Number of protein chains: 2
Amino acid sequence: MARFRQIDRGGPLPDLIAAQIMAQLRSGELREGDALPTETALAGMLGVSRNVVREAIARLRSDGVIDTRQGRGAVIRPLSERATFRIDTAALGSIENLVDLFELRGLLEIDAAGIAARRRSDTDLAAMEAAIDAMAGASEFDELQLEADARFHRSLGQATRNGYLSTIIDYLSSRLKETTRATGRVYTRDDLIDVTIGEHRRVFDAVKSGDAEAARAAMAGHIRGAAARLGVPLP
Amino acid sequence: MARFRQIDRGGPLPDLIAAQIMAQLRSGELREGDALPTETALAGMLGVSRNVVREAIARLRSDGVIDTRQGRGAVIRPLSERATFRIDTAALGSIENLVDLFELRGLLEIDAAGIAARRRSDTDLAAMEAAIDAMAGASEFDELQLEADARFHRSLGQATRNGYLSTIIDYLSSRLKETTRATGRVYTRDDLIDVTIGEHRRVFDAVKSGDAEAARAAMAGHIRGAAARLGVPLP
DNA sequence: GGCGGGGAATTTGTCCAACAATCCCATAAA
DNA sequence: TTTATGGGATTGTTGGACAAATTCCCCGCC
């Protein structure tokens, strides 16, 4: 049976407990179908109150990791039934994971560009163009330009008319931005002014003209360029 | 200020509360930067104990929806900082959402097929072929064949050597399977025996030969075929 | 011996009360 | 004006209690 170590207060207790259980799951110490110890037992093992354990359990349940029923206990659900897709920020410390995430985002953005070229409305085009203008108009390389950049990509996502596609792109982008910022990978001013805006405009022109293949190619170029500027080695 | 209605016991209380807050977020009643009422106040308004409210709050926090700090309260974080990508099963009741999800899964599988054609190892090929054989060998159209089908797609995902890509494909597939099963959309036996196995084998052959474009085309054909057989109208 | 019923034990769900830790802000002091 | 400082507000954690649902065993009955 899986062991449960005493917890060291290094943050909210429920988070630590949930993380510990997830770790035991990954390591195979706990497996699909296994029953968790009772809440009271866990509380005793971990040296915390039952309420704290309950919050951790509740979180795992809401993620679809476990299934709890009154009187029966908590059992681990099949991995395929997880209710959420979650990217662990800590895992992005490794360059391999960062590359993988970058690749995934790139694939989706390229697909999105192709679809947007076919479905975009005039409103979408206006939003994208406004974002490009904001990038070009900003006097300095600052947070405003980064925001305009994000706004361009979000507008393009919305132009696909596929809520899931645009949502997942937003999600991946935000995770990526967070880590690139954390690891000190930043654009220089010249990069953005001279190159990035041009790349965005090429994507925009292709989407506007309705040429899906050109839009995909332009976006692929943009992604490759962004990766190169950030020093992320794409395969 | 947002109102909080009394809750009617129709399931675990914390789930209902979290759902209510998420609904207020979607409707715009609560917006980025807004502060939630205090836990005690919420407990009073909802007619439940503070403990229950805490579990709901904890769930929202772990999803990155809100940010809580001791002594300060809970505020709603920017939408871009959500920590999870979650597909609400209830939302898939609408055909539009189902189509969107199907399209997204298709895009990713097609990309994955192309990448797998370039990176697959002999082990990957063996796993994929074993899955196809299991499909062909099964005497009846039953759960075993569906499992073999899923195993083929999972093997293909793993052949991309991109953990995020294969994970998200798995996740989307499981959500999709759950809803197609729930809505009574099922394959008939002839479909699977005569057509589906052939589609899978075409994908496999292309991946084995290392032809990325052929693999993409074969997977696109498979996705279109699957959608047609399920009655999902792809754009 | 097998079978069904009933009750006890187990376990999660909910509630309540209290204290600790932290933050915010107003007030007072330099 | 700026800096302490104190108190109120709010989340974090604890402990205990009871309700509701499930499981399991034991007992009586056939």
Side-chain angles (χ1 to χ4, degrees), chain A residues 1-2 4-21 24-25 30 33-77 81 83, chain B residues 1-2 4-21 24-25 30 33-77 81 83:
Chain A
M1 169 189 159
F4 290 83
R5 288 164 291 283
Q6 278 262 142
I7 275 203
D8 60 330
R9 276 53 173 177
L13 260 28
D15 295 1
L16 299 182
I17 297 173
Q20 187 178 118
I21 294 178
Q24 294 191 0
L25 242 163
L30 286 172
D34 285 358
L36 249 53
T38 69
E39 296 178 353
T40 322
L42 265 179
M45 288 185 242
L46 298 167
V48 298
S49 87
R50 193 186 146 212
N51 267 322
V52 174
V53 173
R54 276 192 64 73
E55 278 191 24
I57 299 272
R59 166 168 166 180
L60 295 177
R61 185 187 51 216
S62 97
D63 280 1
V65 174
I66 61 176
D67 187 49
T68 69
R69 258 165 48 201
Q70 200 162 314
R72 218 169 67 92
V75 297
I76 299 181
R77 296 177 59 175
E81 291 176 14
Chain B
M1 168 189 158
F4 289 81
R5 288 164 291 283
Q6 279 259 143
I7 274 202
D8 61 329
R9 296 8 199 202
L13 259 30
D15 296 1
L16 299 181
I17 298 174
Q20 186 175 4
I21 294 178
Q24 295 191 0
L25 242 163
L30 285 171
D34 285 358
L36 250 54
T38 70
E39 295 177 352
T40 323
L42 265 178
M45 288 186 242
L46 298 167
V48 299
S49 87
R50 193 184 147 212
N51 241 315
V52 177
V53 173
R54 277 191 64 74
E55 278 190 23
I57 299 271
R59 165 167 167 181
L60 295 177
R61 186 187 50 216
S62 98
D63 279 2
V65 174
I66 61 177
D67 187 49
T68 68
R69 258 162 50 199
Q70 199 163 314
R72 218 171 66 94
V75 297
I76 298 180
R77 296 178 59 175
E81 291 176 16

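Throughout, protein chains are lettered first and strands after them, A, B, ... in sequence-line order, and every chain is numbered starting at 1. Predicted model only: the values in this text are computed from it and were never measured.
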Undergrad: Which residues satisfy the side-chain contact (heavy atoms from CB on, under 4.5 Å) test with B:Asp63, sequence neighbours excluded?
TA: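 Result, side-chain contact (heavy atoms from CB on, under 4.5 Å) vs B:Asp63: A:Asp63, A:Arg86, B:Val65, B:Thr84, B:Arg86.
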Undergrad: If I take atom CG in residue A:Leu13 and atom P in nucleotide C:dA21, what distance separates them, rounded to the nearest angstrom?
TA: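 Roughly 13 Å, once rounded to whole Å.
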Undergrad: Between B:Leu36 (CG) and D:dA9 (C1'), how many Å, whole number?
TA: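 Rounded to whole Å, this separation is 16 Å.
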Undergrad: Figure out the CD/P separation between B:Glu55 and D:dT11, and round it to whole Å.
TA: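 About 16 Å, once rounded to whole Å.
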Undergrad: Round to the nearest Å and state the distance from B:Leu46 atom CG to C:dC15 atom P.
TA: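 Roughly 10 Å, once rounded to whole Å.
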Undergrad: With sequence neighbours excluded, what pairs up with B:Ala41 under the side-chain contact (heavy atoms from CB on, under 4.5 Å) test?
TA: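 Partners of B:Ala41 under the side-chain contact (heavy atoms from CB on, under 4.5 Å) test: B:Pro37, B:Thr38, B:Met45.
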Undergrad: Give each protein N/O atom lying under 3.5 Å from an N/O atom of nucleotides 17-20 of chain D, with the pair distance.
TA:
residue : atom : partner : partner atom : Å
D:dA17  : N6   : A:Arg50 : NH1          : 3.4
D:dA20  : O4'  : A:Gln70 : NE2          : 3.3
D:dA20  : N3   : A:Gln70 : NE2          : 2.9

Undergrad: Applying salt bridge (Lys or Arg N to Asp or Glu O under 4.0 Å), name anything that partners B:Arg50, two or more places apart in sequence or on another chain.
TA: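 Listed in chain order: B:Glu39.
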Undergrad: With a 4.5 Å cut-off on side-chain heavy atoms, are A:Leu46 and A:Leu16 touching?
TA: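 Heavy-atom side-chain distance check fails, nothing below 4.5 Å.
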Undergrad: May I ask you to verify whether the side chain of A:Asn51 and the base of D:dG12 hold a donor-acceptor pair under 3.5 Å?
TA: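 Looking at the base of D:dG12, it does not pair with any donor or acceptor on the side chain of A:Asn51 (distance under 3.5 Å).
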Undergrad: It should be established whether A:Arg54 places a side-chain nitrogen or oxygen under 4.0 Å from OP1 or OP2 of nucleotide D:dG12.
TA: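 No, no such contact exists.
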Undergrad: Which residues pass the salt bridge (Lys or Arg N to Asp or Glu O under 4.0 Å) test with A:Arg59, not counting sequence neighbours?
TA: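 By the salt bridge (Lys or Arg N to Asp or Glu O under 4.0 Å) rule, A:Arg59 matches A:Asp15.
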Undergrad: In whole angstroms, how far is the P atom of C:dG13 from the CD1 atom of B:Ile17?
TA: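 The distance from CD1 of B:Ile17 to P of C:dG13 comes to 14 Å, rounded to the nearest Å.
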Undergrad: As a test of reading the structure: which of C:dT12, C:dC15, D:dT11 is closest to the side chain of B:Thr40, going by heavy atoms?
TA: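 Of C:dT12, C:dC15, D:dT11, D:dT11 is nearest to the side chain of B:Thr40.
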Undergrad: Tell me which of A:Ser49 and A:Arg72 sits closer to the 5' end of DNA chain D, going by the nucleotide each one is nearest to.
TA: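 On the 5' side of the pair lies A:Ser49.
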Undergrad: Sequence neighbours excluded, which residues qualify as side-chain contact (heavy atoms from CB on, under 4.5 Å) partners of A:Glu81?
TA: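 Residues passing side-chain contact (heavy atoms from CB on, under 4.5 Å) with A:Glu81: A:Arg77, A:Pro78.
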Undergrad: Phosphate oxygens OP1/OP2 of D:dT10: is one of them under 4.0 Å from a side-chain N or O of B:Thr68?
TA: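 No.
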Undergrad: Just how far, in rounded Å, is P of D:dT14 from CG of A:Leu42?
TA: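 Interatomic distance, CG of A:Leu42 to P of D:dT14: 14 Å.
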Undergrad: Check whether any side-chain heavy atom of A:Thr68 sits under 4.5 Å from a side-chain heavy atom of A:Leu60, and report yes or no.
TA: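 Sidechains of A:Leu60 and A:Thr68: no contact.
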Undergrad: The side chain of A:Val52 lies closest to which of these nucleotides: C:dC16, C:dT12, D:dT14?
TA: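 Shortest atom-to-atom distance from the side chain points to D:dT14.
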Undergrad: Please work out if A:Arg69 contacts a base, only the sugar-phosphate, or nothing of the nucleic acid, heavy-atom cut-off 4.0 Å.
TA: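 It contacts sugar-phosphate atoms only.
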Undergrad: Specify the separation, in whole Å, of atom CG of B:Asp67 and atom P of C:dC23.
TA: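 Nearest whole value for this atom pair: 12 Å.
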Undergrad: Could you state the atom-to-atom distance from CD1 of B:Ile57 to C1' of D:dT13 in whole Å?
TA: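 Roughly 16 Å, once rounded to whole Å.
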